[in-house]
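Note: hydrogens, waters and symmetry copies are ignored here, and every other heavy atom, side chains too, is used. A, B, ... follow the sequence lines: proteins, then strands. Residue 1 opens every chain.
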Number of protein chains: 2
Amino acid sequence: MTEPRPVRLPDSPLPITPQAQPEADPAPVAAGLAVERVDTSFLETLIGYNARRAALTIIATFIPRMAQFGLRPVEFSVLTLIGHNPGITARQLCATLDLQPPNLVGMIKGLEKRSLLEKRDHPSDRRAQGLHLTPAGESQLEQAQATALALEVDATPRLTPLERVTLLRLLRKIYQPDH
Amino acid sequence: MTEPRPVRLPDSPLPITPQAQPEADPAPVAAGLAVERVDTSFLETLIGYNARRAALTIIATFIPRMAQFGLRPVEFSVLTLIGHNPGITARQLCATLDLQPPNLVGMIKGLEKRSLLEKRDHPSDRRAQGLHLTPAGESQLEQAQATALALEVDATPRLTPLERVTLLRLLRKIYQPDH
DNA sequence: TATTGTTATACTCTATAACTATA
DNA sequence: TATAGTTATAGAGTATAACAATA
């Protein structure tokens with residue numbers, strides 16, 4: 001077995017500088033030295049890694065604060081889109097939020113059972129149903145949206161208003177390829 | 001039942017401009033009009049929503065390209081950290097990547113069975129084990145890292161190099177509160 | 001023939017409780 | 001008493017196949 005060797009890449013965009021390694025020991029220690037500070041420099045060069053970590057951080061604040069409304073992240077998105085788009089269909093929700101139709105069925109059913117939304121006949125397609133908020137749903141959504149705006153700022157306290165705008169613009173460029 | 005009313009917030013950071021609504025109809029249509037273009041303006045003001053959508057977009061490219069190495073996103077992160085931090089413990093991996101220890105056990109076991117990493121005695125704590133890549137693991141990791149760097153650029157074609165640097169910096173400010 | 005909504009189902013991911021060996 | 005690693009298990013999230021009604 002060879003001496004543990006830090007991985008290096010030829011084209012790394014940032015210098016990869018691992019911990020100082022133990023010099024060759026006269027009495028070789030099979031286990032090596034303990035790691036004191038974890039080097040995360042390579043992962044931090046990856047947008048996917050950083051975006052995922054940031055999203056999970058905000059969601060970790062979102063979930064407990066939205067629990068008062070009984071809304072999980074995707075349920076909040078669904079309710080928001082119905083509120084701003086009365087008569088939207090399940091198919092349109094799936095396309096907009098990148099959901100699989102079977103996974104939306106139970107969600108709609110639950111929100112309907114809680115009297116937050118209702119299905120109506122679609123005006124031109126008898127296969128489809130238009131989704132509409134009830135007055136209770138609209139009231140709930142208004143409070144939930146205010147909570148969402150406030151918690152986002154609380155969850156990202158180190159971002160300035162300008163940085164927020166910049167960040168939103170760059171993130172949209174990733175998942176909206178044709179805008 | 002009242003006329004469908006678009007939700008408005010007093011303090012919305014961006015103007016919320018829903019679709020033009022149907023004027024009051026002399027013969028009231030219970031179902032309303034169909035939605036033509038979905039208004040997502042409110043969700044697009046939320047960093048959490050945009051970060052999640054962007055992360056999922058990149059991961060959707062990551063998964064099929066990393067399948068050739070049999071590495072899923074978290075497995076790639078684990079292998080990377082072990083490669084750059086020989087002797088790191090499971091506890092340190094969990095703390096760094098925000099994983100639950102029980103969820104790491106099977107992953108380590110699988111990577112060990114594939115001879116990509118090995119456990120060694122920890123030099124000072126007999127409860128813990130130091131994790132090290134095998135030569136096969138290091139080789140695999142080098143190729144996987146090169147693939148990860150390339151696919152990120154492919155998955156975010158509309159970002160300039162400067163925008164990438166800016167985005168990484170802002171995302172890190174979210175999930176690294178004390179840097 | 002294609003699409004909307006649906007059911008059933010399976011697979012992955014994540015979280016909690018409880019245990020052991022050691023610090 | 002606290003911590004590192006582990007087991008078992010439950011829940012949430014996500015994916016595919018197949019179907020009825022309608023386009």
Looking at [X] and [Y], would you say the former's side chain and the latter's main chain have a donor-acceptor pair under 3.5 Å?
X       : Y       : result
R53(A)  : Q176(B) : no
T134(A) : S115(A) : yes
Q145(A) : T80(A)  : no
R65(A)  : T147(A) : no

Test of understanding: clusters of I, L, V, M, F, W, Y form through side-chain heavy atoms closer than 4.5 Å, transitively. Do L56(B) and L167(B) belong to the same one?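 Different clusters.
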How many Å lie between [atom1] on [X] and [atom2] on [N], as a whole number?
X       : N       : atom1 : atom2 : result
R53(A)  : dT14(C) : CZ    : P     : 11 Å
L71(A)  : dG13(D) : CG    : C1'   : 17 Å
H122(A) : dT22(D) : NE2   : C1'   : 13 Å
D121(B) : dA21(C) : CG    : P     : 17 Å
I59(A)  : dC13(C) : CD1   : P     : 16 Å
M107(A) : dT6(C)  : CE    : C1'   : 15 Å
D125(A) : dA2(C)  : CG    : P     : 17 Å
L97(A)  : dG13(D) : CG    : C1'   : 15 Å

Given [options], the nucleotide with the shortest approach to the side chain of [X]:
X       : options                  : answer
K109(A) : dT7(C), dG5(C), dT14(C)  : dT7(C)
R52(A)  : dC13(C), dT4(C), dT22(D) : dC13(C)
R127(B) : dA23(D), dA23(C), dG5(D) : dA23(C)

Between L56(A) and I108(A), which is nearer to the 5' end of DNA chain C once each is assigned its nearest nucleotide?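 With I108(A) and L56(A) compared, the 5'-side residue is I108(A).
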Going by an N to O cut-off under 4.0 Å, is there a salt bridge joining R158(A) and E163(A)? no
Do the ring planes of Y49(A) and Y175(B) sit parallel (below 30°), tilted (30 to 60°) or perpendicular (above 60°)? perpendicular
Would you tell me whether Q143(B) and Q68(B) have side-chain atoms, one donor and one acceptor, within less than 3.5 Å of each other? no
Start at the 5' end of DNA chain D and walk down; is the nucleotide closest to R72(A) or to A90(B) reached first?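 Comparing both residues, the 5'-ward one is A90(B).
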Nearest 0.5 Å please: distance from the CG atom of L46(B) over to the OG atom of S77(A). 8.0 Å
With sequence neighbours left out, the residues meeting ring-ring contact (aromatic ring centres under 6.0 Å, His included) with F76(A) are F62(A)
So, is [X] near the phosphate of [N], with a side-chain N or O under 4.0 Å from OP1 or OP2?
X       : N       : answer
K119(A) : dT6(C)  : yes
R91(B)  : dA4(D)  : yes
R126(B) : dA23(C) : yes

So which of residues 60-69 of chain A are in contact with DNA chain C, with a heavy-atom cut-off of under 4.0 Å? none
Close residues, residues 98-106 of chain A, relative to DNA chain C [heavy-atom separation under 4.0 Å]: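 Hits under 4.0 Å, by residue number: P101(A), P102(A), V105(A).
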